[in-house]
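Small disclaimer: the values here were computed from a predicted structure and weren't measured.
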Amino acid sequence: MAAPGLPASSDPPGAPPAGELESALAKHARRFEPWALYRLVQRLFPGRPIHLRGRSSAAPQPSAVDSIGFGPAGVTITLNLGLRSATSALPSYFRELEADPLLGPPLFTLIEHIDAALLRDRLEALDPGSSGWLAPAGRYLGERLRQISRLATPSGLHWLFSRAFPEFQVSVRRGMFTERLAAMAAELGRAALGSAMLGGTVRSPTWGFDVVLLKTSNDTWTENDWPVEVMRRLENTVWRGLDPTEALLRVWLVDPDGRAALRLGDGRVGVEPLVVASRPEVRLIFEGRAPRSRGD
């Protein structure tokens with residue numbers, strides 16, 4: 001079922017129908033932090049306006065989010081925050097004025113209008129990295145922070161790989177690499193110091209990093225085997241974190257069990273294993289410079 005005011009084809013391929021998302025959000029709205037629900041609605045329903053309003057209450061409420069509603073005019077998020085909440089900064093006599101039949105309606109409209117802007121600013125301040133108003137260059141700032149943190153170091157790589165591969169024991173050490181540098185080919189009868197070499201290339205030593213992933217679990221949470229899963233995470237996670245360092249890396253996958261004994265069900269064939277466990281299996285997954293990320 002399509003959401004009100006939206007065509008049925010607005011749902012992205014493979015995503016639940018908009019009606020199911022609305023029902024789920026309305027049911028679990030109080031479990032969200034206000035800023036998290038605000039960002040989620042922005043991403044799930046990018047074409048709809050979002051209205052923020054505070055719920056009038058004289059006592060503290062158990063959750064910051066009161067409810068969420070969907071309608072033709074947009075999405076309305078009601079919060080137990082703001083000028084009309086129990087934690088309001090307004091003096092208590094404003095509640096008496098709000099109850100006045102003559103002054104109440106216009107005063108309520110004015111407070112609600114002011115409150116909507118204040119609530120939006122408050123939620124933006126709680127998530128400044130995604131705010132186009134508070135931090136217009138938030139994406140650029142995130143990229144600069146990655147460069148400042150110097151992830152292309154042993155400690156930085158250990159932090160990055162440990163989070164990309166929580167199933168592995170990660171170790172990082174400096175290693176020596178050789179790179180081919182191009183130059184002018186040598187010519188007979190003519191020599192120039194430092195500008196030509198036989199073959200036109202030279203192998204120059206340079207420092208890089210050896211990253212060892214020691215296997216501790218047989219489960220990948222996917223249908224792929226470990227070498228395929230490691231390459232997928234390198235492309236989707238690690239290269240994005242290292243962009244644009246282009247660090248020289250060798251990524252090793254180590255299986256300490258080697259080749260396991262042949263099993264049928266829960267038992268073994270014969271008295272002794274048909275295949276005796278060998279030395280740890282070591283596989284080179286990647287060698288070279290970390291490729292530049294292609295972005296989101």
Side-chain angles (χ1 to χ4, degrees), residues 1-57 61-85 87-88 105-106 108-146 222 232-233 235-237 239-241 243 292-296:
M1 181 180 73
L6 291 179
S9 60
S10 63
D11 298 328
E20 294 183 10
L21 291 175
E22 293 174 1
S23 299
L25 287 175
K27 180 179 179 180
H28 301 286
R30 294 188 179 185
R31 302 175 62 181
F32 285 88
E33 290 293 330
W35 66 267
L37 181 60
Y38 180 63
R39 292 292 182 225
L40 182 61
V41 172
Q42 284 182 324
R43 295 176 184 179
L44 292 178
F45 309 101
R48 300 203 206 178
I50 302 175
H51 308 286
L52 299 174
R53 63 187 301 268
R55 177 176 178 269
S56 179
S57 60
Q61 300 300 312
S63 63
V65 177
D66 181 72
S67 63
I68 183 172
F70 300 88
V75 183
T76 301
I77 301 177
T78 304
L79 305 174
N80 292 311
L81 303 171
L83 298 178
R84 304 180 67 232
S85 69
T87 58
S88 172
F108 168 78
T109 302
L110 175 62
I111 292 179
E112 190 174 50
H113 179 73
I114 297 174
D115 211 18
L118 293 177
L119 288 172
R120 188 177 302 274
D121 292 349
R122 180 171 181 172
L123 299 189
E124 293 283 356
L126 290 173
D127 185 26
S130 301
S131 173
W133 160 73
L134 190 60
R139 182 178 178 87
Y140 174 75
L141 178 61
E143 295 174 353
R144 296 295 297 171
L145 288 176
R146 288 203 304 269
T222 72
R232 187 187 70 82
R233 296 190 197 180
E235 295 173 355
N236 294 341
T237 304
W239 301 154
R240 293 172 182 264
D243 192 20
R292 296 294 297 267
S293 171
R294 285 177 281 181
D296 296 329

- request: Quick one: pull up CG in Leu40 and CD in Glu33 and give me the separation to the nearest 0.5 Å.
  value: 13.5 Å

query: Just wondering, do Arg39 and Glu124 contact through their side chains at under 4.5 Å, heavy atoms?
result: yes

statement: On a heavy-atom basis, the closest approach of Gln61 and Ser57 is NE2-CB, 3.7 Å

message: What's the separation between atom CD1 in Ile50 and atom CG in Leu123, rounded to the nearest 0.5 Å?
response: 9.5 Å

query: Would you say Leu126 and Pro34 make side-chain contact, with heavy atoms under 4.5 Å?
result: no

Just list the side-chain donor-acceptor pairs under 3.5 Å for residues 63-79, sequence neighbours left out, or say none.
{"from": "Ser63", "atom 1": "OG", "to": "Val65", "atom 2": "O", "distance (Å)": "2.7"}

message: Looking at every non-hydrogen atom in both residues, tell me the closest pair between Asp115 and Arg84 and how far apart they are.
response: OD2-N, 4.1 Å

query: In Å and rounded to the nearest 0.5 Å, what is the OG to CG distance from Ser23 to Leu21?
result: 9.0 Å

- prompt: Can any side-chain N or O of Ser88 pair as donor or acceptor with the backbone N or O of Ser85 at less than 3.5 Å?
  reply: no

field: Trp35 side, atom CH2; Leu37 side, atom CG - distance, nearest 0.5 Å
entry: 11.0 Å

statement: Taken to the nearest 0.5 Å, the spacing of Asp121 CG from Leu52 CG works out to 10.0 Å

- prompt: Considering only heavy atoms from C-beta outward, does the side chain of Leu25 approach that of Phe32 to under 4.5 Å?
  reply: yes

- prompt: How long is the span from the NE2 atom in His51 to the CD atom in Glu112, to the nearest 0.5 Å?
  reply: 11.0 Å

field: Those residues that, when tested against Arg31, pass side-chain hydrogen bond (donor to acceptor under 3.5 Å, both in side chains) (two or more places apart)
entry: His28

